Amino acid sequence: MRLSQFHLATVKEVPADAEITSHRLMLRAGMIRKLASGLYTWSPLGLRVLRKVEHVVREEMNRAGAIEMLMPSIQPKELWEETGRWQKFGGQLLKIKDRKQQEFCYGPTHEEVITDFARNELKSYKQLPVNFYQIQTKFRDEIRPRFGIMRAREFLMKDSYSFHLTQESLAETYAAMYQAYTRIFTRLGLTFRAVQADTGAIGGNASHEFQVLADSGEDAIAFSDGSDYAANLEKAEALAPTIERPALTAALQRVDTPTQKTIDDVAGYLKVSPQQCVKTLLLRGTEGLVALCLRGDHEINQVKAGKLAELPDEPVLASEEEILAATGTRPGFIGPVGLPDSIPVIVDRDAAVLGDFVCGGNADGSHYTGANWLRDAQITRIADLRNVVDGDLSPDGHGVLHIARGIEVGHVFQLGQKYAEALNATVVDDQGKPQLMTMGCYGIGVSRIVAAAIEQRHDDAGILWPEAMAPWRIAVCVINPKNTPEVAEAAEALYQALSQRGIEAVLDDRGLRPGGMFADMELIGIPHRVVISERGLAAGTLEYRARNETESRAIGQAELFALLG
RNA sequence: CGGGGUAUAGCUCAGUCUGGUAGAGCGUUGCGUUUGGGACGCAAAAGUCGGGGGUUCGAAUCCCUCUGCCCCGACCA
């Protein structure tokens, strides 16, 4: 590509509210322009990068035996009513009407459409297993789009859906997809982890998220330093402590804490550590209120709480009025001691081994010290309720957990029969009897990968693309071509030679001053650069510099070609 | 959905408190001088100050209202 024939649109200034690096750099490099909240136009430069990601994804999906197809982005309401998700998907579902007032949605995902396709197309177990995929624009009406392309409303996704007669067959394809994803993210030059994920309300047997590690990531993941265990924070199990509950030594004593409502305030006021306190949360259960007790320095894990039989899938805190009615006190002073018998007390594993602890007094402005389980407060059940923290033992028994931030770029999921059942997608088995198909689904956030890569690979000057994602692999910069025809000719010749070898090169023939040219090429992250100038021609060598190096070096043309493989 | 901001030239922003004929930098156009890390000079084009309503002799500025966008929070296969 000759830059004089391209539309490069770098800018120096970027809105003050573009907060994260990838958003700022994508705007500065002119890769994207915002059209409306969560909607972005991909410029020619941005699209080149997006296509590179697509290319790798497509190659590896094909290699893994998946078959590409394309489904409509607009989907009819009726299909979504069959699975119950027209209502259940909630506000993220963008609903639209056509001129006949027929209702549709802009697809946020394609389980309904693919399962409808499958039930019509697949008739025999001999057609299974099969794995269909597409690379398609999706729309989710996010409550709060942010971070540019990272959490946009419209985005590009690769989604695939596999169909099986047996769970074993599903497990095989799942493993193949796991491998394919590993290859994809490795080829894209990303530092990532596959982490165990919660299977959520859908159920299913297994799920992994592929997380690109970056401090700006929205997800927290826990990983072991002594094994390959990794899980997202929602899923990671907090093991039962190995210590026994200490023998009680203190008497239960009520103390005044007139204004101290938070654990930090209470602990500071009473001069004890938060670890010696028990925090009690009252939630709306399926039958009346439920108390959850955690150690003061720990945080509740909502997913784990949602799995308790006493609580709904998505638990919510009780209101102040409900708490007042049930306990006679307000949030901040609730404790397990002296709660009404009707309220089950579910205690986290770590809170359950505390002795002589501090807890709320169930009366405004008071707490207990010297509280002990069994003597002073009953335990209905002990459960894992908390988020793991840095330093916890790994659940697989090897090593210690650490917490990192990640950007979710891929997700593999053993769906099971939920959609096949709702849409009655069956094939006949070898006995001639209809069987529900079992499904897997596998997603990759293609557009999000572009932003994730920048989060991971940038410096003060701009983006450092991995080779596989770079819009061009090498930039040929020409200095003062107008003054010296030989320089222009040499640059043109090198550009032609690179192109003939199939090396994607960009010739910067815009006639800019050197500073502007270098700054642009660094900003847009071209991995290799060669400068052609009078000075270099005289020396008979090429002036080469890699994007991640700070010094140029003189090399011959043969060496350059070898370098670019 | 709750809370807080914000909307002025192509872009990034001043100006609003204290009402009086619209500003800067960058970018763009033309001419000239320049040419190894975002050059300089001269000249020029460019805004219904988000929309509507009101107050006033006079509104970017004050009041009402609508809309867009952003931030924090809750939410997120």
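Fair warning: this is a prediction, and the values are worked out from it, not measured in the lab. Below, chains carry the letters A, B, ... as their sequence lines are ordered, and counting in each starts from 1.
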S.K.: May I ask you to check whether A:D159 and A:Q134 show a side-chain donor-acceptor distance below 3.5 Å?
M.R.: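 Side chains of A:D159 and A:Q134: pair found under 3.5 Å.
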S.K.: I'd like to know if the side chain of A:K279 and the backbone of A:H298 have a donor-acceptor N/O pair within less than 3.5 Å.
M.R.: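 Checked: pair present.
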S.K.: Determine the Euclidean distance between corresponding C1' atoms of B:G20 and B:A59; express it in Å to zero decimal places.
M.R.: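 The answer is 10 Å between these two C1' atoms.
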S.K.: Whom does B:U28 pair with, Watson-Crick or G-U wobble, provided both distances fall under 3.5 Å?
M.R.: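 Its partner is B:A44.
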S.K.: May I ask which nucleotide in the shown strands pairs with B:U18, Watson-Crick or G-U wobble, both distances under 3.5 Å?
M.R.: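 Base-paired to nothing in any strand shown.
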S.K.: For B:U56 versus B:A9, give the span between their P atoms, rounded off to a whole number of Å.
M.R.: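 These two P atoms come out 30 Å apart once rounded.
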S.K.: Please determine, for the side chain of A:F413, which listed nucleotide (B:A77, B:G37, B:G38) has the closest atom?
M.R.: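 For A:F413, the side-chain atoms sit closest to B:A77.
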S.K.: Tell me which nucleotide, if any, is Watson-Crick or G-U wobble paired with B:U55 when both distances must be under 3.5 Å.
M.R.: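 Result: none.
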S.K.: Which value, in whole Å, describes the distance between the C1' atoms of nucleotides B:G68 and B:G50?
M.R.: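 Pairwise C1' distance, B:G68 against B:G50, rounds to 7 Å.
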S.K.: What about the rings of A:Y178 and A:F210, do their centers lie closer together than 6.0 Å?
M.R.: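 Between A:Y178 and A:F210, the centre distance is under 6.0 Å.
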S.K.: What integer distance in Å separates A:D508:CG from B:G37:C1'?
M.R.: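 In whole Å, B:G37 C1' lies 14 Å from A:D508 CG.
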S.K.: Output the rounded distance in Å from CD1 (A:I143) to C1' (B:C70).
M.R.: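 Distance, rounded to whole Å: 17 Å.
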S.K.: May I have the distance from A:I20 (atom CD1) to B:C71 (atom P), rounded to whole angstrom?
M.R.: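 A:I20 atom CD1 is separated from B:C71 atom P by 10 Å.
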S.K.: Give the rounded distance in Å between these two atoms: CZ of A:R151 and C1' of B:C76.
M.R.: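 Roughly 6 Å, once rounded to whole Å.
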S.K.: Taking only nitrogen or oxygen atoms into account, show me every contact under 3.5 Å that the protein makes with nucleotides 24-33 of chain B, one pair per line with its distance.
M.R.:
residue: B:G25; atom: N2; partner: A:E13; partner atom: OE1; Å: 2.7

S.K.: Using a cut-off of 4.0 Å on non-hydrogen atoms, how would the nucleic acid contact of A:V531 be classed: base, sugar-phosphate, or nothing?
M.R.: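 Touches a base.
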S.K.: Between B:A14 and B:C57, how far is it from one C1' atom to the other, in whole Å?
M.R.: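 Straight-line distance between the two C1' atoms is 29 Å.
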S.K.: Contact class for A:M157 vs. all strands (heavy atom < 4.0 Å): base, sugar-phosphate, or nothing?
M.R.: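 Touches a base.
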S.K.: Give A:Q92 one of three labels, base, sugar-phosphate or nothing, depending on what nucleic acid heavy atoms sit under 4.0 Å from its own.
M.R.: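 Since only primed, P, OP1 and OP2 atoms lie under 4.0 Å of A:Q92, the category is sugar-phosphate.
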S.K.: Between B:G25 and B:A44, how far apart are the two P atoms, rounded to whole Å?
M.R.: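 My reading of the P atoms in B:G25 and B:A44 gives 14 Å.
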S.K.: For A:K138 and B:A77, give me the distance from atom NZ to atom C1', rounded to whole Å.
M.R.: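 Atom-to-atom, A:K138 to B:A77, this comes out as 12 Å.
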S.K.: Assign A:P108 to base, sugar-phosphate, or nothing according to its heavy-atom contacts below 4.0 angstrom with the strands shown.
M.R.: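 Nothing, no nucleic acid heavy atom in range.
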S.K.: Under 6.0 Å between ring centres, would you say that holds for A:Y181 and A:Y442?
M.R.: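 That pair fails the under 6.0 Å test.
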S.K.: Please identify each residue that fulfils salt bridge (Lys or Arg N to Asp or Glu O under 4.0 Å) with A:R2, with sequence neighbours left out.
M.R.: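 Expected list: A:E492.
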S.K.: Identify the nucleotide, in any strand shown, that forms a Watson-Crick or G-U wobble pair with B:A77, with both distances under 3.5 Å; if there is none, say none.
M.R.: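 Across any shown strand, B:A77 pairs with none.
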S.K.: With heavy atoms under 4.0 Å as the rule, sort A:R510 into base, sugar-phosphate or nothing.
M.R.: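 If one applies the 4.0 Å heavy-atom cut-off, A:R510 turns out to touch nothing in the nucleic acid.
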S.K.: Could you tell me how far apart A:E543 (CD) and B:G37 (C1') are, to the nearest whole angstrom?
M.R.: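 Going from CD in A:E543 over to C1' in B:G37 covers 12 Å.
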S.K.: Using purine N1 to pyrimidine N3 plus N6-O4 or O6-N4 for Watson-Crick, or N1-O2 and O6-N3 for G-U wobble, each under 3.5 Å, what pairs with B:G37?
M.R.: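 Paired with B:G37, as far as the under-3.5 Å criterion goes, is no nucleotide at all.
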S.K.: Counting any heavy atom closer than 4.0 Å, what does A:R33 reach on the DNA or RNA strands: base, sugar-phosphate only, or nothing?
M.R.: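 Nothing, no nucleic acid heavy atom in range.
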S.K.: Atom CG of residue position A:D215 - does it have more than 12 heavy atoms of other residues, nucleotides or ligands inside 6.0 Å?
M.R.: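 Open.
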S.K.: Over all strands shown, is A:T109 touching base, sugar-phosphate only, or nothing at heavy-atom distances under 4.0 angstrom?
M.R.: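 Touches nothing.
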S.K.: For residues A:R448 and A:F147, determine if any side-chain heavy atom of one lies less than 4.5 Å from a side-chain heavy atom of the other.
M.R.: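 The answer is no, as the side chains (C-beta and beyond) never meet within the 4.5 Å cut-off.
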S.K.: In whole angstrom, give the distance that lies between atom NZ of A:K34 and atom C1' of B:U6.
M.R.: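 Taking NZ of A:K34 and C1' of B:U6, I get 12 Å after rounding.
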S.K.: Would you tell me if any nitrogen or oxygen in the side chain of A:S37 comes within less than 4.0 Å of OP1 or OP2 on B:G68?
M.R.: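 Indeed not, no polar side-chain atom of A:S37 lies that close.
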S.K.: Sticking with atom C1', work out how far B:U55 lies from B:U61, rounded to a whole angstrom.
M.R.: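 The same atom, C1', in both gives a distance of 13 Å.
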S.K.: Minimum heavy-atom separation for A:T286 to A:P312, with atom names?
M.R.: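 Of all heavy-atom pairs spanning A:T286 and A:P312, the closest is CG2-N, 4.0 Å.
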S.K.: If we only count heavy atoms from C-beta on, is the A:R529 to A:F518 side-chain gap below 4.5 Å?
M.R.: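 A:R529 reaches A:F518 side chain to side chain.
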S.K.: Closest-nucleotide mapping onto RNA chain B: is A:P15 or A:A519 further toward the 5' terminus? I mean the 5' end.
M.R.: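 The residue whose closest nucleotide sits nearer the 5' end is A:P15.
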S.K.: Between A:R513 and B:G38, is there a contact of a side-chain N or O with OP1 or OP2 at under 4.0 Å?
M.R.: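 Checking B:G38 against A:R513, no side-chain N or O comes under 4.0 Å of OP1 or OP2.
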S.K.: Is the CD atom of A:E218 crowded by more than 12 outside heavy atoms at less than 6.0 Å?
M.R.: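 Yes, enclosed.
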S.K.: So which nucleotide from B:G37, B:C75, B:C69 ends up closest to the side chain of A:Q302?
M.R.: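 Among the listed nucleotides, the one closest to the side chain of A:Q302 is B:C75.
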S.K.: Would you indicate which nucleotide in B:A77, B:G37, B:U35 comes nearest to any side-chain atom of A:N480?
M.R.: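 Nearest listed nucleotide: B:U35.
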S.K.: Taking only the P atom of each, what is the distance from B:G5 to B:A24 in whole angstrom?
M.R.: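 Result for the P pair: 30 Å, nearest Å.
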S.K.: Please report the distance, rounded to the nearest Å, between CG in A:L233 and P in B:C76.
M.R.: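 So the CG-P distance, A:L233 to B:C76, works out to 14 Å.
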S.K.: Expressed as a whole number of Å, how far does the P atom of B:C62 sit from that of B:C69?
M.R.: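 Approximately 24 Å lies between the P atom of B:C62 and that of B:C69.
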S.K.: Under 4.0 Å, heavy atoms only, any strand: does A:K482 hit a base, just the sugar-phosphate, or nothing?
M.R.: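 Here A:K482 touches no strand at all.
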S.K.: So which nucleotide does B:G2 pair with, by the Watson-Crick or G-U wobble rule with both distances under 3.5 Å?
M.R.: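 In the structure as shown, B:G2 has B:C72 as its Watson-Crick or wobble partner.
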S.K.: Are the side chains of A:S216 and A:E455 in touch, meaning some heavy atoms are under 4.5 Å apart?
M.R.: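 A side-chain contact exists here, since the closest heavy-atom pair is under 4.5 Å.
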S.K.: Taking for each residue the nucleotide of RNA chain B with the nearest heavy atom, is it A:R535 or A:D219 whose nucleotide lies nearer the 5' end?
M.R.: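 Whichever sits nearer the 5' end wins; that is A:R535.
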S.K.: Decide yes or no, distance alone: a donor-acceptor N/O pair under 3.5 angstrom between the base of B:C70 and the side-chain of A:R146.
M.R.: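 Under the 3.5 Å cut-off, the side chain and the base do not form any donor-acceptor pair.
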S.K.: Any side-chain N or O of A:R144 under 4.0 Å from OP1/OP2 of B:C71?
M.R.: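 A:R144 to B:C71 OP1/OP2: side-chain N or O found under 4.0 Å.
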